Amino acid sequence: MRKLLPAIVVMLLWNACKFNDNKKTLPIYGNRQPVTKTINGQTVTDTIYQTIPKFKFVNQYGDSISNKMLDGNIYVADFFFTTCPSICPVMHRNMLKVYNTFKNTGNFKILSHTIDPKHDSIPVLKKYADKLGVTGNTWWFLQGKKEDIYQIAENSYLVAVKQDDGTAGGYVHQGYFVLIDKQKRIRGSYDGTDPKQVDQMIEDIKTLQAEPNEAIVK
Amino acid sequence: MKFNIIIGLGLICLSLIISCQSDDQLEFKRYYSSGSLIYQSKCQNCHGAKGEGLSALIPPLTDSAYLKTNKETLACAVKYGLKGKINISQKVFEGQMPANDLAPVAIAEVLTYITNSFGNKMGTITSEQVNKDLAKCK
């Protein structure tokens with residue numbers, strides 16, 4: 001035991017030091033593939049991460065929004081519909097907190113995609129935004145072709161959505177908030193109905209904002 | 001010895017106080033605690049944990065004057081939902097509240113919870129009252 005004690009003390013000290021310089025980074029989600037290329041005659045293996053592909057939707061002001069306009073932005077994506085009777089109100093109550101935290105920081109956006117584009121026309125989305133108390137260009141409510149929205153939800157943001165006339169409201173969807181970094185990679189996924197997870201996301205956005213800028217993937 | 005007597009007397013007094021709670025109070029507590037659970041599962045998503053509503057989209061449940069003047073139609077609103085414009089806390093809300101097909105006793109419980117939380121204080125809304133009100137729904 002006497003011999004063990006110094007060892008324990010040393011370990012504790014080491015751990016304490018390790019804890020101090022342990023800078024927090026967020027994981028990168030999605031598929032990845034290694035790529036080998038030759039730079040200056042040397043063979044380098046790089047990793048290509050899954051990124052959000054090209055898209056083109058329209059926001060609540062009638063402006064066309066493409067993936068290009070998000071270059072260099074950190075953003076949060078979610079899927080909803082304005083007549084949703086179940087989880088959307090609580091999601092957007094929580095999202096309002098995110099909006100109010102970051103609306104003046106720049107290079108930050110929120111993209112809420114409607115999964116009921118037939119009902120949620122641009123004027124309907126504008127009215128919804130107004131009533132929610134959202135102004136300016138930080139939080140966009142996006143409308144597009146239904147197939148495009150559903151495809152990007154499932155394949156790129158990894159959120160399940162589907163039409164189901166048997167449930168209240170007519171649509172089933174997951175209430176995830178998906179956090180995308182400046183390189184368009186998925187860095188987090190949070191239950192938008194849980195205030196604790198949303199608070200965590202707010203912290204994680206701050207961590208991302210502090211990350212050094214890398215080359216922006218187009 | 002003296003100490004024991006004092007404790008004993010104290011316990012007797014305490015049990016008397018507890019058992020002397022009127023039936024009304026007990027009924028209120030039963031309604032209120034069941035109502036709180038129903039509120040969490042059926043109402044809280046939209047109206048919020050503190051009855052705060054959501055911006056100009058979903059009305060708050062903190063307007064005591066509205067709840068008092070509309071006491072007799074609250075049961076109908078829960079059971080069949082609401083549509084059209086209403087004036088709450090000096091703001092106009094429109095849109096739709098979905099119907100909640102709850103049993104009359106459950107409606108009474110959740111209404112007792114709402115009308116005695118968030119700064120409201122209206123006492124028990126009994127299931128007899130709810131049955132009477134439901135018969136008059138438009």
Side-chain angles (χ1 to χ4, degrees), chain A residues 60 78 80-100 103 110 112 114 116 119-121 123-136 138-139 141 164-175 177 191-199, chain B residues 35-63 66 74-103 106-107 110-111 113-114 117-119 137:
Chain A
Q60 73 266 36
D78 76 350
F80 85 113
F81 56 110
T82 60
T83 52
C84 162
S86 52
I87 61 174
C88 308
V90 67
M91 281 166 69
H92 283 176
R93 182 181 296 118
N94 293 332
M95 192 69 101
L96 262 181
K97 196 174 169 191
V98 181
Y99 168 75
N100 286 320
K103 66 180 172 187
I110 300 168
S112 288
T114 175
D116 183 10
H119 176 272
D120 292 342
S121 61
V124 169
L125 290 176
K126 175 70 167 62
K127 204 171 176 188
Y128 180 85
D130 287 347
K131 288 195 168 182
L132 200 57
V134 173
T135 54
T138 299
W139 190 346
F141 297 85
D164 180 352
D165 297 328
T167 58
Y171 295 87
V172 200
H173 62 125
Q174 292 176 315
F177 292 169
D191 180 353
T193 63
D194 180 357
K196 271 193 208 132
Q197 289 203 28
V198 176
D199 284 343
Chain B
S36 131
L37 295 176
I38 298 167
Y39 183 82
Q40 282 171 31
S41 68
K42 300 278 181 186
C43 319
Q44 189 166 303
N45 262 343
C46 293
H47 289 291
K50 298 185 205 96
E52 74 272 28
L54 178 58
S55 303
L57 282 170
I58 295 161
L61 301 173
T62 51
D63 188 342
Y66 177 90
L74 295 177
C76 299
V78 172
K79 190 169 170 86
Y80 300 109
L82 277 177
K83 212 174 176 177
K85 285 186 182 168
I86 47 169
N87 218 318
I88 288 177
S89 301
Q90 280 121 40
K91 272 199 268 180
V92 178
F93 290 87
E94 56 181 331
Q96 217 173 332
M97 168 167 148
N100 285 281
D101 197 14
L102 296 167
I107 294 176
V110 78
L111 285 179
Y113 176 76
I114 291 167
S117 304
F118 324 130
C137 286

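Chain letters run A, B, ... following the sequence lines, proteins first and then strands; every chain starts at 1. Quick caveat: nothing in here was measured; it's all calculated off a predicted structure.
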Side-chain donor-acceptor pairs of residues 87-94 of chain A under 3.5 Å, sequence neighbours excluded:
unit_1  : atom_1 : unit_2   : atom_2 : d
A:His92 : ND1    : A:Tyr128 : OH     : 2.8
A:His92 : NE2    : A:Asp78  : OD2    : 3.0
A:His92 : NE2    : A:Ser112 : OG     : 3.4
A:Arg93 : NH1    : B:Asn45  : O      : 3.2
A:Arg93 : NH2    : B:Cys46  : O      : 2.4
A:Arg93 : NH2    : B:Gly53  : O      : 3.4
A:Asn94 : ND2    : A:Val90  : O      : 3.3
A:Asn94 : ND2    : A:Gly192 : O      : 2.8

Check each atom of B:Glu52 against the heavy atoms of chain A and say whether the ones under 4.5 Å are side chain, backbone, both or neither.
-> side chain
Which region of B:Leu57, side chain (C-beta onward) or backbone (N, CA, C, O), has a non-hydrogen atom less than 4.5 Å from a non-hydrogen atom of chain A, or is it both or neither?
-> both
More than 12 foreign heavy atoms under 6.0 Å from NZ of B:Lys42: is that the case here?
-> no
Residue A:Lys103 excluded, over 12 heavy atoms near NZ under 6.0 Å | yes
Within residues 77-88 of chain B, the residues sitting under 4.5 Å from chain A by heavy atom, in sequence order, are none
